[in-house]
Amino acid sequence: MNRQAARLRKEETLILVVEDEQPIRDLIAFGLRRAGFQVALAEDSRAARASIANRRPDLVLVDWMLPDTSGLELTRQLRKDPNTRDIPVIMLTARADESDKVTGLEGGADDYVTKPFSARELAARIQALLRRMAPAGAEGRVEIGGLALDQAGHRVTADGRAIGLGPTEYRLLAFLMTHADRVYSRGQLLDRVWGGNVYVEERTVDVHIRRLRKALEAGGHDRLIQTVRGAGYRFSAQDG
């Protein structure tokens, strides 16, 4: 089980805030501490990586615009590293266009919060993301079409080869595999995987499905995630 799933108490949850503007960084930190979280601070990507190496956070809040490498690039780096790919990431940005949101999600972010936002909204988004990263309670092993899901160990293997997934992709795959051969609409997947009280657009599902398929395509297991035109998605070893 991953650390995010195991640590549910707010006072034990460490949030890393990566924001270059000190007044905003301090304001976010104040709101999070007031909400009961532990907080670590970083002003750029380099400081963020050093902070993660020193103490692994349970969630990262990262601003898109940073002075060294962008928050988007930092998120991509976290997703490529086996030691950090399962850390949930929320992107903070003033970019409100849908195309920017999609770019952020495709880059590896699990959620996207547009500035300005309230401390209450941010805390609620964090809580919702941490809740959906927690295990659903099933501890068994599911194997379909050469793809194996070990829910107790929080691992996915394809023909014995480990597959690295981000937290949202893992959660999505776990739901689809444990509900195989059933078709779910985007709205149903949002409710079941993201949670009914999370404000996420339906297109978010498409972005994470693409990311999940890309992670599975090396062994040809992306074919197991099928698009059902006009209906949604299903996981099946049978031809669509």
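Position 1 is the first residue of the sequence, and the numbers go up from there. Hydrogens, waters and symmetry mates play no part in the numbers below; they use all other heavy atoms, side chains included.
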Problem set entry | Neighbour count >12 (heavy atoms, 6.0 Å) for atom CZ, Arg155 |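 Check fails, neighbour count at 12 or below.
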Exercise. Does CZ belonging to Phe30 count more than 12 external heavy atoms closer than 6.0 Å?
Worked result: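 Not buried by this count: 12 neighbours or fewer within 6.0 Å.
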Answer with yes or no whether the side chains of [Y] and [X] bring together a donor and an acceptor at under 3.5 Å.
{"X": "Arg33", "Y": "Gln38", "value": "no"}
{"X": "Tyr184", "Y": "Asp191", "value": "no"}
{"X": "Asp181", "Y": "Ser236", "value": "yes"}
{"X": "Arg76", "Y": "Ser70", "value": "no"}

Closer than 4.0 angstrom, basic N to acidic O: yes or no for [X] and [Y]?
{"X": "Lys115", "Y": "Glu19", "value": "yes"}
{"X": "Arg46", "Y": "Asp68", "value": "no"}
{"X": "Asp110", "Y": "Arg171", "value": "no"}
{"X": "Lys214", "Y": "Asp222", "value": "no"}
{"X": "Glu21", "Y": "Arg25", "value": "no"}

Exercise. Quick one: which of Val17, Leu16, Leu129 gives a side chain to side chain contact (heavy atoms under 4.5 Å, CB included) with Leu59?
Worked result: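 Only one of Val17, Leu16, Leu129 forms a side chain to side chain contact (heavy atoms under 4.5 Å, CB included) with Leu59, namely Leu129.
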For this session: Using the rule that two of Ile, Leu, Val, Met, Phe, Trp, Tyr join whenever any of their side-chain heavy atoms come within less than 4.5 Å, decide whether Leu74 and Met65 are in one cluster.
Result: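 In one cluster: yes.
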For this session: Kindly compute the distance separating CD1 (Ile28) from CG (Leu92), expressed to the nearest 0.5 Å.
Result: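 It is 5.5 Å, given to the nearest 0.5 Å.
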Problem set entry | Rounded distance [0.5 Å steps], CD in Glu217 versus CZ in Arg210 |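 Between atom CD of Glu217 and atom CZ of Arg210 there are 13.0 Å.
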For this session: Apply side-chain contact (heavy atoms from CB on, under 4.5 Å) to Leu149 and Tyr170, showing your working.
Result: CA-CA 9 Å; Leu149 173 73; Tyr170 174 85; 3.5 Å; yes
For this session: Could you name each residue pair satisfying ring-ring contact (aromatic ring centres under 6.0 Å, His included) that touches residues 206-229, not counting sequence neighbours?
Result: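 As it turns out, the ring-ring contact (aromatic ring centres under 6.0 Å, His included) pairs with a partner in residues 206-229, which skip direct neighbours, are Trp194-His208.
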For this session: Report yes if the distance between the aromatic ring centroids of Phe235 and Phe175 is under 6.0 Å, otherwise no.
Result: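 No, ring centres 6.0 Å or more apart.
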